[in-house]
Amino acid sequence: MTQILLLNGPNLNLLGLREPEIYGHETLADVVSACSELASELGLSLRAEQSNHEGVLVDLIQAARGVAAGIIINPAAYSHSSVAILDALNAFAGPVLEVHISNIHKREAFRHHSFVSARAEGVIAGFGTEGYLLAVRRMASLVAK
Ligand code: DHK
């Protein structure tokens, strides 16, 4: 079965607890289970990982080479700082979709730029946790091509 990697960056383990007025009340476990369910309806298998550490995220992206057909990533704060994550994604052959729960363009100026966007086929921002489901749907079309 075609595998998709869903990667979440720092502090997203606290989803549902952390600044719910920005990030909502759903937990990461809720998001992962909804995405897994949708992925299996679409004929995909979903592997979900979260890390607070940049190097671990790089290792997970490298390990996805030749294993996952595509990557959906919310790099969280590393979106705005990590050339290492961008480089790792550039070494991955399949499609990459970037998700931000909040609309980063409506927030502080330092959140307006994402290094990962230079690599992503598409970016979803400001759709709340529903953005992950939209990304799974889009990924299903991208990997079917
Ligand atoms: C999540 C974070 O943790 C922030 O650092 C980003 C992103 C925005 C989000 O909206 O999902 O700036």
Side-chain angles (χ1 to χ4, degrees), residues 2-42 44-65 67-143:
T2 306
Q3 189 191 103
I4 297 304
L5 176 63
L6 171 63
L7 262 186
N8 277 286
N11 300 302
L12 291 168
N13 54 314
L14 295 181
L15 210 53
L17 302 172
R18 161 201 189 210
E19 300 179 273
E21 66 290 355
I22 297 175
Y23 299 106
H25 292 277
E26 266 197 307
T27 65
L28 186 58
D30 295 333
V31 168
V32 168
S33 113
C35 287
S36 300
E37 200 174 307
L38 178 61
S40 79
E41 279 168 29
L42 297 169
L44 304 170
S45 86
L46 188 109
R47 175 177 173 199
E49 300 284 351
Q50 186 277 332
S51 178
N52 293 325
H53 304 279
E54 186 177 21
V56 173
L57 293 165
V58 168
D59 289 343
L60 287 164
I61 294 165
Q62 288 187 8
R65 284 158 48 86
V67 176
I71 298 178
I72 297 171
I73 182 167
N74 183 345
Y78 289 136
S79 316
H80 320 301
S81 66
S82 181
V83 176
I85 289 175
L86 170 63
D87 285 350
L89 290 169
N90 280 334
F92 174 80
V96 172
L97 296 176
E98 179 180 0
V99 174
H100 303 283
I101 297 166
S102 63
N103 180 358
I104 54 173
H105 303 289
K106 203 180 168 189
R107 299 182 64 191
E108 303 97 318
F110 65 84
R111 295 185 203 274
H112 295 180
H113 176 261
S114 165
F115 284 95
V116 170
S117 299
R119 167 64 180 86
E121 269 64 38
V123 182
I124 294 171
F127 286 69
T129 50
E130 280 177 61
Y132 288 98
L133 295 170
L134 298 172
V136 171
R137 278 194 191 282
R138 178 64 183 150
M139 186 57 82
S141 333
L142 289 173
V143 298

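Along the sequence shown, residues are numbered consecutively beginning with 1. Atoms considered below: every heavy atom in the structure, side chains included; atoms not considered: hydrogens, waters and symmetry mates. First listed ligand is number 1; within each ligand, the first listed atom is number 1.
Under 4.0 Å from ligand 1, not a single heavy atom of I22 appears. Neither the backbone nor the side chain of V99 comes within 4.0 Å of ligand 1, counting heavy atoms alone. Proximity of N11 to ligand 1, defined as any heavy-atom pair under 4.0 Å, is not found for any part of the residue. Contact annotation for E108 and ligand 1: no heavy atom of the residue comes within less than 4.0 Å of the ligand. Only the side chain of R111 comes within 4.0 Å of ligand 1, judged by heavy-atom distances.
The aromatic rings of H100 and H80 sit parallel to each other, their planes meeting at less than 30°, with 60° as the upper class boundary.
Atom 9 (C) of ligand 1 has its closest protein heavy atom at I101 N, 3.3 Å. Regarding atom 6 (C) of ligand 1, its nearest protein heavy-atom neighbour is H80 NE2, 3.5 Å.
Proximity of F127 to V99: side-chain heavy atoms (C-beta onward) are nowhere separated by under 4.5 Å.
Here the CG-CD distance, from D59 to E54, works out to 11.0 Å after rounding to the nearest 0.5 Å. Taken to the nearest 0.5 Å, the CD1 atom of I73 stands 11.0 Å off from the CG atom of L97. The CG atom of L12 sits 6.5 Å away from atom CD of Q50, with the distance rounded to the nearest 0.5 Å.
Checking side-chain atoms of E98 against main-chain N and O of S117 turns up a donor-acceptor pair under 3.5 Å. Between the side chain of S82 and the main chain of S79, no donor-acceptor pair closer than 3.5 Å is present.
Using 4.0 Å as the threshold, H112 has no heavy atom nearer than that to any atom of ligand 1. Taking a 4.0 Å cut-off on heavy atoms, Y78 fails to register as neighbouring ligand 1.
Ligand 1 has no N or O atom lying under 3.5 Å from any N or O atom of H100, backbone or side chain.
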